[in-house]
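Note that the numbering runs from 1 along the sequence shown for the chain.
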Amino acid sequence: MRSFSQNNSIDLIFNGQQFIDVNINLIKKAINFIILQTYIFEEDEVTTPILELLKTKAKEGVDIYILLDGFGSRDFPMTTIIELERVGINFKMFSPLFSRNLDHLGRRLHSKALIVDGVELLTGGINLSERFNLPKDSTPWLDFSCLVSGDEVHTTIKRNLSLYSKHFPEFIKKHLNSLTHAPQSTPCKIRTNINDWMRLKSEIYTSYITAIKDAKEQIIIVAPYFFPGKKFLFELSCAASRGVKVDLIFSATSDHPLERWSSKYLYSWFLSKKINIYEWGGSIVHGKLALIDNNWVTLGSYNHNFMSRFGNHELNIEVDDTKFAQEVQCEVNKIKNKSVLITKANWENQNKFYNKLLETFSFIFANVLTIISMVLVIRRKDESDFNLLE
């Protein structure tokens, strides 16, 4: 893998009002261009101010490029798309459901990024929707993003050029060669990792495996859906057997019951390997974050399932910085303290026979669905992938 860039700063952003405010503040600062890519964008009371601000910036002459996933954002109103395009916003759907390219049908744009002027980047696992960000009848989903400024923002754009060259060739012509760097007074080592199996990239998965192999004291993983495959589980088991404290934080409830029950299928195995399981009950867990040995952090859109590994376009930020890791450690400790520790005794007591059947069926069915969708993804190197850093 390529080396870390060092001229960066990074801040941890939580879902909720903070995330919405950061989106709005970044868009307000834009002078030259804005790139917004996400999986789910729903027009509602929370996101309408963002859409209105984007239209205002377009009228001011800022070039705006919006790329939404054709499945996750399939209900995005056509009337709104027409309004956005009328004021000059470049709008595209990634892999629309009724596209002729059937070899792309199983591939989704699951990465999330807001890039402003090539100097600031907001990325993570958070979608744009009231039901995720500020639901009226519950607390925001537990989710994370990070705000990055510095050299790595420039790098992130280059690492995603296969997306932008295909959907927004005008961006390449107008802005690529004029990207500038924002000097940082507190250097932080960061690198952008992408998983896009179709385009022969497995960087997020590889970074996890490497970090787990190198772990000496502690591994903490926050995940909404967790059945990552045999090799990943083997490395977690090896880490636990050599004395590394392994904590997994899951959700007590889920937006996808099938995947939640699939994850529970592995609970007995985790407990037999002395891997700790925590269940957060304060809201739905949607964050994808890991902390290892109080110096290594990864966060982004990547889920520990076969869709993220083999089907989706995913983006994570990998950080090697003790100060940022300590901030993450503090926040993760708060989450653990408000979660329920699942012990072997209470799990055996609550995991009745019919639950085991449901977990087994869900695990098998989820994997069959994944295999079917993967058949629709044909691997090939994209000739428009300007991977300038490799």
Side-chain angles (χ1 to χ4, degrees), residues 15 19-20 23-24 26-28 30 33-116 122-123 125-136 141 143 160 162-175 196 198 255-256 286 301 307 311-315 373 376-377 384:
N15 188 27
F19 175 72
I20 298 300
N23 274 274
I24 290 173
L26 284 177
I27 294 169
K28 284 181 177 178
F33 70 85
I34 295 169
I35 299 173
L36 173 60
Q37 65 189 66
T38 192
Y39 180 62
I40 296 175
F41 197 139
E42 297 175 345
E43 185 176 12
D44 49 44
E45 291 183 15
V46 170
T47 62
T48 293
I50 294 175
L51 289 168
E52 291 302 316
L53 184 55
L54 286 168
K55 287 188 279 189
T56 298
K57 298 302 288 189
K59 293 175 183 177
E60 293 174 359
V62 177
D63 293 327
I64 299 176
Y65 308 90
I66 299 177
L67 180 62
L68 307 184
D69 183 72
F71 178 77
S73 298
R74 62 192 179 278
D75 295 327
F76 195 81
M78 180 56 67
T79 53
T80 302
I81 296 174
I82 293 172
E83 289 177 13
L84 294 173
E85 293 179 333
R86 183 175 57 81
V87 297
I89 292 176
N90 302 279
F91 185 98
K92 293 291 176 63
M93 281 288 186
F94 178 93
S95 190
L97 291 181
F98 300 104
S99 170
R100 295 179 181 179
N101 296 323
L102 295 180
D103 59 335
H104 293 186
L105 194 57
R107 180 173 179 250
R108 306 274 32 118
L109 178 73
H110 195 244
S111 55
K112 293 93 176 169
L114 174 64
I115 304 172
V116 173
L122 178 66
T123 187
I126 308 175
N127 291 298
L128 283 164
S129 170
E130 178 182 299
R131 63 189 173 104
F132 305 129
N133 309 136
L134 294 167
K136 289 184 174 66
W141 291 17
D143 208 344
N160 282 281
S162 62
L163 287 178
Y164 308 147
S165 62
K166 178 179 179 180
H167 295 93
F168 306 118
E170 59 274 22
F171 168 80
I172 306 298
K173 296 176 183 178
K174 187 172 182 179
H175 295 289
D196 191 352
M198 180 177 173
D255 59 319
H256 291 299
H286 193 256
S301 65
M307 286 302 297
N312 300 339
H313 181 283
E314 307 282 4
L315 171 64
S373 65
L376 300 174
V377 177
S384 66

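The side-chain heavy atoms of K28 and L53, taken from C-beta on, include a pair separated by under 4.5 Å. You'll find the side chain of F76 stays beyond 4.5 Å of the side chain of I66, heavy atoms only. At least one side-chain heavy atom of K112 sits under 4.5 Å from a side-chain heavy atom of N127. Taking the side chain as every heavy atom from C-beta outward, N160 and Q37 approach each other to under 4.5 Å. Side-chain contact between L36 and L128 is present, with at least one heavy-atom pair separated by less than 4.5 Å. Contact check for L54 versus V87: no side-chain heavy atoms found under the 4.5 Å cut-off.
The two atoms that bring P169 and K166 nearest to each other are CD-O, 4.1 Å, heavy atoms only. Across all non-hydrogen atoms, the minimal contact from I40 to G72 is CG1-O, 3.5 Å. Between S165 and S162 the shortest heavy-atom distance is OG-O, 3.5 Å. Looking at every heavy atom in both residues, A58 comes nearest to I89 through CB-CG1, 3.7 Å.
A side-chain donor-acceptor contact under 3.5 Å links T47 to the backbone of E42. For S301 (side chain) and G125 (main-chain N/O), no donor-acceptor pair under 3.5 Å exists by modelled atom type. At least one donor-acceptor pair closer than 3.5 Å links the side chain of S73 to the backbone N or O of F41. Side chain of R107 to backbone of D196: no donor-acceptor contact under 3.5 angstrom is found. Side-chain atoms of N133 never come within 3.5 Å of backbone atoms of N15 as a donor-acceptor pair (strictly under, hydrogens ignored). Of the possible polar contacts, none joining the N312 side chain to the L109 backbone as a donor-acceptor pair under 3.5 Å is found. At distances below 3.5 Å, not a single donor-acceptor pair connects side-chain atoms of K136 with backbone N or O atoms of L134. No donor-acceptor distance shorter than 3.5 angstrom exists from the side chain of K57 to the backbone of I64, with no hydrogens or angles considered. H167 contributes no side-chain N or O that, together with a main-chain N or O of F94, makes up a donor-acceptor pair within less than 3.5 Å.
Remark: E43 engages no residue in a salt bridge (Lys or Arg N to Asp or Glu O under 4.0 Å) (not counting sequence neighbours). For H175, the ring-ring contact (aromatic ring centres under 6.0 Å, His included) test picks out F33, F171, with sequence neighbours left out. Every residue meeting the ring-ring contact (aromatic ring centres under 6.0 Å, His included) condition with H286, not counting sequence neighbours, appears here in chain and number order: W141. E52 is linked by a side chain to side chain contact (heavy atoms under 4.5 Å, CB included) to T48, K55, counting only residues two or more places apart in sequence or in another chain. Under the ring-ring contact (aromatic ring centres under 6.0 Å, His included) criterion, F168 pairs with Y65, not counting sequence neighbours. D143 is linked by a salt bridge (Lys or Arg N to Asp or Glu O under 4.0 Å) to nothing, counting only residues two or more places apart in sequence or in another chain.
One distance of note links CE of M93 with CG of L67; it measures 9.0 Å at 0.5 Å rounding. To the nearest 0.5 Å, atoms CG (L114) and OG1 (T38) are separated by 10.0 Å. Here the NZ atom belonging to K92 is positioned 8.5 Å from the CD atom belonging to E85, to the nearest 0.5 angstrom.
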Determine whether L51 and E83 satisfy the following criterion, side chain to side chain contact (heavy atoms under 4.5 Å, CB included), listing intermediate values before the conclusion.
CA-CA 10 Å; L51 289 168; E83 289 177 13; over 6 Å; no
Start with the C-alpha distance between F132 and V46, add both sets of side-chain angles, then the distance that settles side chain to side chain contact (heavy atoms under 4.5 Å, CB included), and finish with yes or no.
CA-CA 10 Å; F132 305 129; V46 170; over 6 Å; no
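E60 CD: more than 12 foreign heavy atoms inside a 6.0 Å radius.
Remark: the H313 side chain and the D69 side chain contain no N/O donor-acceptor pair separated by less than 3.5 Å.
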